[in-house]
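The structure appears right after this line, and notes come after that.
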Amino acid sequence: MTLSLYNTLTRRIEPFEPLAPPRVTLYTCGPTVWNFAHIGNFRTFLFEDLLRRYLEYSGYDVYHIMNLTDVDDRTIKAAAAAGKRLGEHTAPFVQAFFEDRDYLRIKPAHAYPRATESVPAMIRLVEQLLDRGVAYKGEDGSIYFAIAKFPTYGRLSRLDTRELKIGARVTSDEYAKDDPRDFALWKKVDGVDEQVGAAWEAPFGRGRPGWHLECSAMSLEQIGRCCHAETLDIHAGGVDLIFPHHEDEIAQSEAATGRPFARFWLHGEFLNVRGTKMSKRFGNFLTARDLREQGVDAAAVRLLFWQTHYRKALDFTDEALAAAGAGVKRLGEFQERLRGAGGAGRGVGELAKLATKFETDFRAALDDDLNAPRACGALFEFVHEANGALDRKAGGAAAVRAALDGAMGVLDILPTAKAADPALERWIAERIAARDKARKSKDFKEADWVRAELRAKGVEIEDTPGGTKWRLV
RNA sequence: GGCGCCGUAGCCAAGUGGUAAGGCAGAGGUCUGCAAAACCUCUAUUCGUCGGUUCGAUUCCGACCGGCGCCUCCA
């Protein structure tokens, strides 16, 4: 069994094989740092994290590139509204993005090219396209891509170019283009651009890059640098990027290099709120920092997302998040139990057998187009069966620990350890000792009162044969 | 109008042409002073509706109903 992935290009699940194994080049469209990213954005980044981690689990050597869009219409508009220079406005949001990424346990990409630092590559790309005659300067001084010169335009999105609804996007610059459907590669500078410092000199005129151009230039520059390649193994993003963003990236890149831009196109579905996509525009969004401030364990967010396939819309509700939190807690207790299970136990067979079965199921599920819901099903089934075996004093806990570790390397959904400060820890120990004393003298009323006292401070206790254990909740 | 997706128990959600994983919640039991955790048992004769194909469909086809997305530099 090998990994198969749904390729938007073919609308089929296809066996995945990189161009130059074991290297896999992965490019994922990153955030536009005009504001905080919301958890809908992060659903996509989390899906990409799953992809990245599972590729690595499968033995591939992944080179992951995620760009930061720090110059585009929205960043410029936001900077102007704040009365700041572009970089001054975006810097804190870049910082916030990295913090949120870490909070959500998303593995850092190997490279985070920024649009503002990749302008020379963009200019080169535009020059190449001009040389090849697929780009032209419009009457407004901006440079446009001529989709009529790129016959396969529309292949990814399956939008027949003749069907493109053109009436709705008539703005002033439409009159500058040869064809209303052509898109801007390089926008001629305007007053606001200059005001915020979003303008660069180029042989074809002072201006700034178009959004689609940024991704093409940055991805080609990065894979050229790291892997001497012109074709990405995988390019991923949210479904809303299929058109026009990714369609345009393909057109620009392939027109310039003459080679396929990306072999696999993967797209993650939206995170919804009451059936409608989460969006800044609708105001129905929640940021990662909102969750963090609410004390939500990132593991719960991850499990919640893993429990719905990445190509299916997921409705975000507090109930679903709480349910995932309960699942995470169960995993944490299982891990805790394994830690105490040591190497002892009767025989080595039963648990080891369960571990092997789990690993097989886990892999089969994720091999099937990253079916994380099924992988989670296998995980919980494994936890259940292993708990039963542990109750029967079966041996082989080491194999279970190893299997769990392996799976967590991909899913990473064990509860975040909460550390107690020394003073609190001393107090807890003292209270538990007091309770034990009360229990020994059968003063259960007192014992229960102490338990409630601990619970009020967020300390949960559990009486076991080896003594009373506690944890912070 | 064009392209496309979804509708499975109280909630969330996998899934297969042969009779429904898993999580949460709930009920009963074992264990426990009581809890907690864990375990055992139970909880959809049924997969939006109506037709069709088939020995057999939740799974394939069609229609319809309901919800949603893209076609606007939105993850």
Side-chain angles (χ1 to χ4, degrees), chain A residues 11 28-32 37-48 69 72-74 154 157-160 162-166 168-169 171 183-184 187 210-214 236-245 247-248 267-272 274-282 303-304 306-309 311-315 317 319-331 333-334 336-337 361 365 368 371-384 387-392 439 442-445 447-448 451 455 460-465 468-469 471:
Chain A
R11 308 286 158 117
T28 57
C29 287
T32 299
H38 58 65
I39 56 173
N41 300 318
F42 275 107
R43 183 186 181 197
T44 297
F45 302 144
L46 248 355
F47 136 63
E48 292 158 352
T69 299
D72 80 319
D73 289 0
R74 286 184 301 170
S157 57
R158 304 272 162 113
L159 282 175
D160 188 320
R162 289 165 311 192
E163 303 289 352
L164 288 179
K165 190 170 160 187
I166 58 175
R169 37 170 11 205
T171 58
F183 57 90
K187 299 189 172 190
W211 178 42
H212 314 308
L213 180 78
E214 296 181 5
V239 282
D240 48 347
L241 298 187
I242 295 173
F243 188 88
H245 188 55
E247 195 71 72
D248 292 349
H267 294 96
E269 256 295 345
F270 289 134
L271 182 67
N272 288 166
R274 280 187 287 271
T276 303
K277 72 186 268 195
M278 180 176 285
S279 166
K280 286 267 166 53
R281 193 153 50 101
F282 302 146
L303 177 58
L304 173 66
W306 298 164
Q307 282 180 317
T308 297
H309 188 90
R311 284 193 289 115
K312 192 179 168 190
L314 160 63
D315 216 71
T317 63
E319 291 79 2
L321 182 62
V328 163
K329 189 176 177 218
R330 180 169 162 80
L331 293 174
E333 260 139 21
F334 180 61
E336 196 57 41
R337 185 175 187 187
D361 292 347
D368 183 14
N371 193 329
R374 214 170 95 204
C376 289
L379 172 65
F380 282 103
E381 196 174 359
F382 171 53
V383 169
H384 179 249
N387 264 323
L390 251 14
D391 279 355
R392 294 189 297 276
R439 289 174 70 212
K442 305 263 189 255
D443 184 356
F444 297 122
K445 202 176 166 191
D448 289 348
R451 179 163 58 198
R455 189 66 189 75
E460 230 169 46
I461 59 170
E462 188 177 331
D463 297 323
T464 74
T468 300
K469 295 198 305 192
R471 66 172 100 67

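What you see below is based on every heavy atom in this structure, not just the backbone, and it leaves out hydrogens, waters and symmetry mates. Sequence lines set the chain letters: A, B, ... in the order given, protein chains first and strands last, and positions in each chain run from 1. Nothing here was measured: the structure is a model prediction, and the numbers come from that model.
- In this structure the side chain of A/Asp240 reaches within 4.5 angstrom of the side chain of A/Phe270, judged on heavy atoms.
- Side-chain atoms of A/Asn371 come within 3.5 Å of backbone N or O of A/Arg374 as a donor-acceptor pair.
- Close to B/C3, at under 4.0 Å from its OP1 or OP2, lies no side-chain N or O of A/Arg11.
- Counting any heavy atom pair closer than 4.0 Å across all strands shown, A/Gly237 reaches sugar-phosphate atoms only and no base atom.
- Phosphate contact (OP1/OP2 of B/C68, side-chain N/O of A/Lys312, threshold under 4.0 Å): absent.
- Among the nucleotides B/C3, B/G23, B/G69, the one closest to any side-chain atom of A/Thr276 is B/G69.
- The distance between atom CG of A/Asn41 and atom C1' of B/A75, rounded to the nearest whole Å, is 5 Å.
- You'll find the side chain of A/Lys469 reaches within 4.5 Å of the side chain of A/Glu336, heavy atoms only.
- Base pairing annotation: B/C39 forms a Watson-Crick or G-U wobble pair with B/G29, both donor-acceptor distances under 3.5 Å.
- Put simply, A/His267 has no side-chain N or O that comes within less than 4.0 Å of OP1 or OP2 on B/G69.
- Residue A/Ser157 is the one, among A/Ser157 and A/Gly30, whose nearest nucleotide of RNA chain B lies closer to the 5' end (criterion: closest heavy atom).
- Comparing the same atom, C1', in B/U32 and in B/A37 gives a spacing of 11 Å after rounding to whole Å.
- Within the nucleic acid shown, A/Ile242 has no heavy atom closer than 4.0 Å to any nucleic acid atom.
- The distance between atom CZ of A/Arg281 and atom P of B/A75, rounded to the nearest whole Å, is 11 Å.
- The environment of A/Arg274 atom CZ is sparse: at most 12 non-hydrogen atoms of other residues, nucleotides or ligands sit within 6.0 angstrom.
- A close approach under 4.0 Å does occur between a side-chain nitrogen or oxygen of A/Asn371 and OP1 or OP2 of B/G15.
- Between A/Phe45 and A/Thr28 the shortest side-chain heavy-atom distance does not fall below 4.5 Å.
- The side-chain heavy atoms of A/Glu269 and A/Lys312, taken from C-beta on, include no pair separated by under 4.5 Å.
- Proximity of A/Arg392 to the phosphate of B/C40: no side-chain N or O atom is located under 4.0 Å from OP1 or OP2.
- With rounding to the nearest 0.5 Å, the separation of CZ in A/Arg471 from CD in A/Glu462 is 5.0 Å.
- Within the shown strands, nothing qualifies as a pairing partner of B/A57 under the Watson-Crick or G-U definition with both distances less than 3.5 Å.
- Residue contacts shown for A/Thr308 are limited to sugar-phosphate atoms, with no base heavy atom under 4.0 Å away.
- In this structure, A/Glu319 and A/Gly388 both approach RNA chain B, and ranking their closest nucleotides by distance from the 5' end singles out A/Glu319.
- For the pair A/Thr32 and B/A75, the criterion of a side-chain N or O lying under 4.0 Å from OP1 or OP2 is met.
- Shown here, B/C47 forms no base pair; nothing in the strands shown gives a Watson-Crick or G-U wobble contact with both key distances under 3.5 Å.
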Check: Just by protein heavy atoms under 4.0 Å, how would nucleotides 30-36 of chain B read 5' to 3' in B, S and -?
Finding: ---BBBB
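- Looking at heavy-atom distances under 4.0 Å, A/Gly210 makes no contact with the nucleic acid at all.
- Spacing between atom CE of A/Met278 and atom P of B/G69 amounts to 14 Å, rounded to whole angstrom units.
- Nearest nucleotide to the side chain of A/Leu271, out of B/C39, B/G23, B/A75: B/A75.
- Counting non-hydrogen atoms under 4.0 angstrom, A/Asp73 reaches a base of the nucleic acid.
- Put simply, CD on A/Glu381 is 15 Å from C1' on B/A13, counting in whole angstrom units.
- Note that the SG atom of A/Cys29 and the NE2 atom of A/His267 stand 7.5 Å from one another [nearest 0.5 Å].
- Residue A/Arg74 places at least one side-chain N or O under 4.0 Å from the OP1 or OP2 atom of B/A75.
- Residue A/Arg274 contributes atom CZ, which lies 19 Å from atom C1' of B/G66 at whole-angstrom precision.
- Comparing B/C74, B/G22, B/C68 by their nearest atom to the side chain of A/Lys277 picks out B/C74.
- Using a 4.5 Å cut-off on side-chain heavy atoms (C-beta onward), A/Val239 and A/Lys277 make no contact.
- Base-pair partner of B/C68: B/G4 (Watson-Crick or G-U wobble, both distances under 3.5 Å).
- The side chain of A/Arg374 lies closest to B/A14, out of B/C74, B/G23, B/A14.
- Rounded to whole Å, the distance from CZ on A/Phe270 to C1' on B/C6 is 14 Å.
- In this structure, A/Asn272 places its CG atom 18 Å from P of B/C11, rounding to the nearest Å.
- Distance check on atom P: B/G62 versus B/G67 gives 22 Å, rounded to whole Å.
- A/His38 comes within contact range of at least one nucleobase, with a heavy-atom separation under 4.0 Å.
- Summarising the geometry, the separation between NE2 on A/His309 and P on B/U16 is reported as 12 Å, rounded to the nearest angstrom.
- Atom C1' of B/A14 sits at a distance of 15 Å from the matching atom of B/C24, rounded to the whole Å.
- A/Leu303 comes within 4.0 angstrom of no nucleic acid atom, judged by non-hydrogen atoms across all strands.
- Nucleotide B/A14 forms a pair with no other nucleotide shown, judged by Watson-Crick or G-U wobble geometry with both contacts under 3.5 Å.
- Residues A/Asp391 and A/Arg337 are paired through a salt bridge, judged by an N-O separation under 4.0 Å between the basic side chain and the carboxylate.
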